[in-house]
Amino acid sequence: MALIVQKFGGTSVGTVERIENVAERIKKFRDHGDDIVVVVSAMSGETNRLVALAQSIDEKPNAREYDVLLSTGEQVTIALLSMALNKRGIPARSYTGMQVHILTDSAHNKARILDIEEKHMRNNLNEGKVIVVAGFQGVDEEGNITTLGRGGSDTTAVALAAALKADECQIYTDVDGVYTTDPRVVPEARRLEKITFEEMLEMASLGSKVLQIRAVEFAGKYNVPLRVLSSFDEPLFDQDGSSNGTLITYEEDEMEQALISGIAFNRDEAKLTILGVPDKPGVAHSILGPIGDSNVEIDMIIQNIGADGTTDFTFTVHRNDFEEAKDVLNKVAAELGAREVTGDDKIVKISLVGVGMRSHAGIASKMFKTLAEEGININMISTSEIKISVVVDEKYLELGVRTLHSAFGLEQKPV
Ligand code: ASP
Ligand code: MG
């Protein structure tokens, strides 16, 4: 018998009919003998509706009241799902974040979980009840309702799984797992059976948005095996009794030894270059300091080798921040006596991700060769232990991802 935390996202509980389907699914797990703690999101579209309501009153609504409002979406779902379970003869009990006592800090709208009281849940589980918890919400020391940031129900589920030392945390969503890349770009993309926490973080932060990043960080920190799977797919169990989807877990020796696990990409990139700045200590800081002060996040940074006492400096930002960063950079350029500022907001980033890179050389050169053969020019390169990223013209995104996917044989299962 296992203890499983199951999280159902907004689409999975988007209608009463779907809530009834979720109840059926939970019933099957119960019949299988498992203890179940369920975490639900608000019904799809509901949180957005609440956000719009708030903003129709005030562009920047009071943060405390905003959380009081946004947390109501999940409260509807826990009640409806518990009713659907009770109707099926399954004793269930709903809990808001406050009732569980999910203690958070007081950072409204982006609170962090500090502690979870497990006593009530344990007692209920011992009594054979299914526990249905509202995702995305908690309570601070002063008893104020807090929310965890959009997509925060994933984090609630992982945190509960960690606190209860659950055997697995299952995230049901509208995709059936994590793919080698976006199947809309590469139809041959393959669902991964397993991926490590580290790889998943790279895939997620690079744009393969399946899970809230914070949830993956949390799972990695507390070693909670995390499975992403579709709430619409049957069968529920594979032949061997295990459920399907993609398991996100720690690195094991016998893990499928692929060199590359996936290709992530990001369309929201822009780059800025400041040419001919004096090559002396403190220059990087005088350029990036003001950018940081204007709350623009910087991703890749490249500084060229200096020549004639000057150097060039290039970095990438989110496309939405391009104009603002350019304004700041123009001011900096005037102060530093730089020659010129140039920019390009029609670029994208493509990244190969895989823990297999640690033990295999030659992946970067194969990547560059593959792109060169397609006539794709690389603008910038950055690497880490398990990732190689290149910046290219946005018109090459699809071609680049598709060619790399086939060059590294990602459509085939590694042997
Ligand atoms: N309902 C919240 C949102 O839409 C939290 C979640 O679904 O995870 O962001
Ligand atoms: Mg979600």
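Everything quoted here is computed from the prediction, not taken from an experiment. First listed ligand is number 1; within each ligand, the first listed atom is number 1.
Cation-pi contact between R93 and Y95: present, with separation from the ring centre below 6.0 Å and deviation from the ring axis of at most 45°.
The atoms of ligand 1 that sit less than 4.0 Å from any heavy atom of S41 are 6 (C), 7 (O), 8 (O). Taking every heavy atom of R150 and a limit of under 4.0 angstrom, the matching atoms of ligand 1 come to 3 (C), 4 (O), 9 (O). Taking every heavy atom of S153 and a limit of under 4.0 angstrom, the matching atoms of ligand 1 come to 5 (C), 6 (C), 7 (O), 8 (O).
In this structure, the side chain of H318 engages the main chain of N320 through a donor-acceptor pair within 3.5 Å. Within the 3.5 Å criterion, the main-chain N or O of T96 finds a donor-acceptor partner in the side chain of Q99. Under a 3.5 Å cut-off, the side chain of D140 and the backbone N or O of N144 do form a donor-acceptor pair.
Not a single heavy atom of G10 sits under 4.0 Å from any atom of ligand 1. Using a 4.0 Å cutoff on heavy atoms, E74 counts as a contact of ligand 1.
For ligand 1, one of its N or O atoms has an N or O atom of G151 under 3.5 Å away.
Using a 4.0 Å cut-off between a side-chain N of Lys or Arg and a carboxylate O of Asp or Glu, D154 and K7 qualify as a salt bridge.
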